[in-house]
Each structure stands twice: as structure tokens, then as C-alpha cells.
There are 2 protein chains.
Amino acid sequence: MFERISVNPTLSDQVAQALFARIESGRLKPGDKLPSEAVLGPEFGVSRTVLREAISRLKQEGLLESRQGSGVFVSVQAGMKPLKIDASVSDSRDEVLQIVEVRRALDSEVAALAAQRRSDAQLAEIERAFETIDADVAAGGDGVATDIAFHRTIAQATSNPFFLQTVEFLSQYVMRAVRVTRANEALRVEFMRQVRDEHRAIIEAIRKQDAMAARNAAATHMFNAARRLASFPPEPNSHTNP
Amino acid sequence: MFERISVNPTLSDQVAQALFARIESGRLKPGDKLPSEAVLGPEFGVSRTVLREAISRLKQEGLLESRQGSGVFVSVQAGMKPLKIDASVSDSRDEVLQIVEVRRALDSEVAALAAQRRSDAQLAEIERAFETIDADVAAGGDGVATDIAFHRTIAQATSNPFFLQTVEFLSQYVMRAVRVTRANEALRVEFMRQVRDEHRAIIEAIRKQDAMAARNAAATHMFNAARRLASFPPEPNSHTNP
DNA sequence: ACGGCCAAGTTGTATGATAACCATATCACA
DNA sequence: TGTGATATGGTTATCATACAACTTGGCCGT
């Protein structure tokens with residue numbers, strides 16, 4: 001059984017990587033103009049098609065921007081790299097637990113700030129999202145999507161959009177793992193009861209605008225979430241069957 | 001003075017957006033095979049060149065993957081969207097402060113965990129990075145790069161790579177703003193002295209493996225960082241001159 | 001000196017052709 | 001009948017060429 005994963009690196013891939021290296025190494029600085037396609041093509045020994053696909057990818061990444069009739073330029077704000085985590089972490093129990101640890105740090109502060117800053121309307125939204133989870137679970141759903149929506153309403157109450165974005169980003173990788181635990185019908189009911197109680201504690205603290213209590217409740221929630229995830233046997237390396 | 005920024009959306013852009021919409025809306029689910037280029041081209045009314053560039057971009061985003069001879073498929077793990085924040089936030093004082101707020105949540109926990117988990121070697125690395133900042137500043141540098149390196153060593157001591165990645169990602173957007181504040185030579189010396197004291201408090205707590213003290217020191221550091229940034233006059237909307 | 005215009009260069013798009021590759025159906029042979 | 005090799009059509013990857021749209025800078029005429 002070989003690691004026959006690395007497929008054909010296409011020519012476009014190679015050229016894109018080469019151009020990326022030129023930017024990374026500083027040979028091409030922000031604002032610089034790339035050589036024209038007519039020059040770059042022969043230089044790499046590829047056709048214009050391949051070259052343009054490579055440039056297209058780097059444009060998508062925000063590293064390059066092209067102006068018709070003028071040329072292709074290295075983006076002035078090149079270097080603002082997006083945060084991307086390999087999706088395979090969802091398959092590793094340990095890595096998911098590490099992400100939950102990050103979320104614990106964030107959600108604790110989020111809950112505390114939400115308690116301080118929430119408006120009455122935001123509190124009402126949080127409570128509504130809380131009840132939506134119940135409805136979802138009562139209807140036989142796993143409550144994952146509604147759970148995320150619940151946490152989103154709390155993050156929105158901080159009035160800091162970056163908390164929302166970061167928490168939602170990290171949630172992606174936990175979601176699948178949580179879905180697996182809740183697929184176990186025997187534990188699902190008991191787990192959802194625990195989650196419900198923990199959510200209620202967070203809401204109560206936010207309602208009373210008790211930042212300290214909200215922080216503790218959120219930290220406890222994440223701590224228990226990790227415990228619930230860890231109660232499942234580890235899967236050292238998955239990808240057992242297609 | 002017009003907002004003559006929104007340039008020509010190229011055909012590739014439009015097609016990519018259209019395909020993206022099909023995936024987002026669920027019309028194309030993970031694992032599905034896209035219609036062949038020969039079909040999709042006429043459907044959008046574009047040439048194969050344009051279509052392939054659009055697909056190339058979505059491949060770069062991880063939404064599609066193509067297998068030569070077989071077809072183009074929606075990535076099984078499509079939906080794992082990377083976290084990207086518009087670089088223009090670096091120009092807005094308020095948004096930078098919001099990012100610092102997120103970093104306060106993260107760095108507090110990072111410092112606490114580092115205090116608990118650090119090895120002696122990691123402590124030594126942290127102290128070395130601390131001294132490197134001094135050397136940088138003494139040499140006339142603004143200490144921004146070395147400052148980030150310092151915080152990186154602390155994040156590494158948590159043994160949780162996702163703390164490191166997330167903190168470094170957010171640091172990007174604060175870096176430029178900090179550079180501006182430290183460009184003010186009059187305040188630079190005083191600010192760097194404050195920063196140095198705050199860093200020393202964090203190190204001391206990590207050295208003593210006092211998680212609570214480390215958390216507080218890091219939170220204070222971020223709180224003061226926000227104060228220092230806020231001491232500069234707000235720039236409601238920049239982009240005044242090119 | 002100045003303003004409009006043209007021409008060369010560059011990116012955007014279209015088209016056709018060929019190579020490499022995959023999946024399936026077909027067929028020959030045991 | 002079963003099985004394996006093979007033909008075949010479909011698909012993506014790459015190349016080559018041509019034209020359209022646009023920018024830039026210089027040239028020219030006034």
C-alpha cells in the first residue's frame with residue numbers, strides 16, 4: 001500500500017510554483033511588472049495557455065493582478081496570505097482536539113464580550129437559535145448546523161466581525177468530527193442533553209451580562225466538547241476504505 | 001473623484017463566479033462530476049480558454065479537482081473555505097483594534113498554555129527571541145519582525161500548531177499598523193520600553209510556569225498594544241494619495 | 001509648447017489541433 | 001462461460017495561431 005496520492009503535477013502547477021517562488025524570494029517585489037507572456041512563455045518552455053493558467057491561479061491568491069494592455073503586476077499587498085488548514089485534520093482525533101483548544105480560547109472571550117456588549121435584540125437572537133437546536137434534535141437531526149448557528153449569534157453579539165470569521169473558520173474542521181460522535185445513536189441523546197445544559201449556562205450568563213460567568217461557561221463547554229470527542233477511540237490514520 | 005476601482009470583471013471571473021455559485025447553492029454537490037468542457041463552454045457562451053482559466057481558479061481554491069481523461073469533480077471536502085481577510089483592514093484603525101482584540105483572546109491562552117507546557121529548550125528560545133528584539137531596536141530597527149518572531153516562539157511552546165498558525169495569520173494585519181506607530185521617532189523609544197517591560201513580564205510568568213500570571217501578562221500586553229495604536233489619530237477613510 | 005492621433009506592445013478571448021489518459025464495451029481465446 | 005486483451009469514444013492537458021480590446025508612449029501637425 002503506497003502513498004500513491006501525489007498525482008501528476010501539471011505544467012500549470014509547476015509554473016505557478018516557480019512564479020510563486022520568485023515572489024517569495026523577493027526576486028519580484030510588490031508593484032513590479034512581470035515580463036510579458038511572450039517572454040515568460042519561452043523562458044519556462046511552456047505555451048501561453050499554461051502560463052496564463054498559472055498566472056490566473058496566482059491572481060486568485062491575490063499575489064498578482066493584471067491590467068489589460070499594460071501588464072501583470074505583483075500585488076502591492078502581496079504577502080497577506082490566507083489562513084488555510086488541510087482538511088485532513090478532520091480525520092485525526094488529536095488534531096481536532098487541538099483545534100477545539102483554540103476555539104476554547106476564542107469562545108471564552110467571545111462569550112465574555114457578548115455578555116458585556118449584547119443588545120436586547122441580540123440576546124433574543126441567541127435564545128431563538130438555542131431553541132432552534134432543540135427543534136432540530138427533536139426532529140431527529142444531529143444538531144450540528146444549528147449548533148454552529150447558535151455560536152454564530154453569540155459571536156455576532158461581540159460586534160467584532162473578526163471573532164465571527166475566525167470562529168466560523170475553525171468550526172469547519174470540528175464539524176465533521178462532531179457529526180461522527182453524534183452519529184452514535186446511543187450516546188447522541190445523552191450528549192445533546194449535556195450540550196443543551198452547557199448552552200443554557202452560557203445564555204444565562206450573557207442574559208445577566210455577567211462576563212466572568214460567560215467566560216467560564218464557554219470554557220467549560222469547550223472543555224466538555226473535547227472530552228466528548230476524546231471518548232471515541234482514536235483513528236491514527238483513516239482513509240481505510242474509499 | 002470617483003470610486004473608479006472596480007475594473008473589468010473578465011469573462012474568466014464571471015464564469016468562475018457562476019460555477020462557484022452552482023457549488024454554493026448545492027446544485028453541484030461534493031463528488032459530482034462537472035459537465036465536460038465541450039458542454040460547459042457553449043453553455044456559458046465562452047471559449048475553452050476562458051472556461052479552463054475559471055476552472056483553474058476554483059482548483060486553486062480547492063473547490064474542484066480534475067483528473068485527466070476522466071473529468072472535473074467537485075472536491076469531496078469542498079466547503080473548507082480558507083480564512084481570508086481583506087488587506088485594507090490594515091488601513092483602518094478601528095478594524096486593526098478589533099483584530100488586536102481577537103489576538104488578546106488568543107495570546108492570553110497561548111501564554112497560559114506555554115507556561116504549562118514549555119520545555120526548558122523552548123524557554124531558552126523565547127528568551128533568545130526576546131533579546132533579539134533588543135538587538136534589532138538598538139540597531140535602529142522598528143522591531144516589528146523580531147517582535148512577531150518573539151510571539152511565535154511562545155506560540156510554539158504550546159505544542160499546538162493551530163495556535164501558531166492563527167496568531168501568525170492575524171499578526172499580518174496588525175504588523176503594518178504597528179510599523180506606522182513606531183515610525184514616529186519621538187514615541188518609538190518610549191513605546192519600545194513599554195513593550196519590553198510587558199514582554200519581560202510574560203517571560204517571567206512562563207519561566208515560573210505560572211499560567212495565571214502568563215495569561216494576565218499577555219492580556220495586559222495586548223490591551224496596552226491597543227492603547228498605543230489608539231493613541232494615533234483615526235484615519236476614517238484612507239486612500240488619500242496613491 | 002501643446003493637443004490629438006497613431007503605432008507598438010500587452011493582456012483577453014476564440015478556435016482548432018494534437019497528445020495523454022481513462023472508462024467502458026467488445027471481442028478473441030481458453 | 002469466463003477472462004483477459006484490445007478497440008473505441010470521451011475527457012482533460014498542452015500547443016499554436018489569430019484576432020480583439022486596451023494601454024502607453026512617442027510622433028506629428030498646428
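Just so it is clear, the structure is predicted and the values come from calculations on it, not from any experiment. Letters go in sequence order (proteins before strands), and every chain restarts at 1.
- The nearest whole Å value for the distance from the CG atom in A:L34 to the P atom in C:dT10 is 12 Å.
- For the pair A:F73 CZ and C:dG9 P, the interatomic distance rounds to 17 Å; values are reported in whole Å.
- Side-chain atoms of B:S92 do not come within 3.5 Å of backbone N or O of B:V89 as any donor-acceptor pair.
- The pair A:R228-A:E190 does not count as a salt bridge, with every side-chain nitrogen at least 4.0 angstrom from each carboxylate oxygen.
- Contact between the side-chain N/O atoms of A:K59 and the OP1/OP2 oxygens of C:dG12 is found at a separation under 4.0 Å.
- When rounded to the nearest whole Å, the span between CG of B:L11 and C1' of D:dA21 equals 12 Å.
- Near DNA chain C, meaning a heavy atom under 4.0 Å away, the residues from residues 36-57 of chain A are A:S36, A:E37, A:R48, A:R52.
- Contact check, B:S12 against C:dG12: no side-chain N or O comes under 4.0 Å of OP1 or OP2.
- A close approach under 4.0 Å does occur between a side-chain nitrogen or oxygen of A:S66 and OP1 or OP2 of C:dG12.
- Not one N or O on the side chain of A:D136 forms a donor-acceptor pair closer than 3.5 Å with the backbone of A:I133.
- Rounded to whole angstrom, the span from the CD atom of A:Q14 across to the C1' atom of D:dT14 amounts to 13 Å.
- Taking the six-membered ring where tryptophan is involved, the planes of A:H199 and A:F150 are tilted, since the angle between them lies from 30° to 60°.
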For A:E43 and A:R22, run salt bridge (Lys or Arg N to Asp or Glu O under 4.0 Å): C-alpha distance rounded to whole Å, both residues' side-chain angles, the deciding distance at 0.1 Å, then the answer. CA-CA 14 Å; A:E43 183 170 331; A:R22 288 199 188 180; 2.5 Å; yes
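- One interatomic measurement links the two molecules: CD of A:Q68 to P of D:dC22, which rounds to 6 Å at whole-angstrom precision.
- A salt bridge links A:E61 with A:K84: at least one charged nitrogen is closer than 4.0 Å to a carboxylate oxygen.
- Looking at B:V195, B:T132, B:V137 one by one, the single match for side chain to side chain contact (heavy atoms under 4.5 Å, CB included) with B:D147 turns out to be B:V195.
- In this structure, CD of B:E65 is placed 14 Å from C1' of D:dT12, rounded to the nearest angstrom.
- A salt bridge links A:D13 with A:R57: the distance from a Lys NZ or Arg NE/NH1/NH2 to an Asp or Glu carboxylate oxygen falls below 4.0 Å.
- Using a distance-only test at 3.5 Å, with no hydrogens or angles considered, no donor-acceptor pair links the side chain of B:S56 to the main chain of B:R52.
- Pairing analysis of DNA chain D (Watson-Crick: purine N1 to pyrimidine N3 plus N6-O4 or O6-N4; G-U wobble: N1-O2 and O6-N3; both under 3.5 Å) yields stems of 3 or more pairs at C:1-30 with D:1-30.
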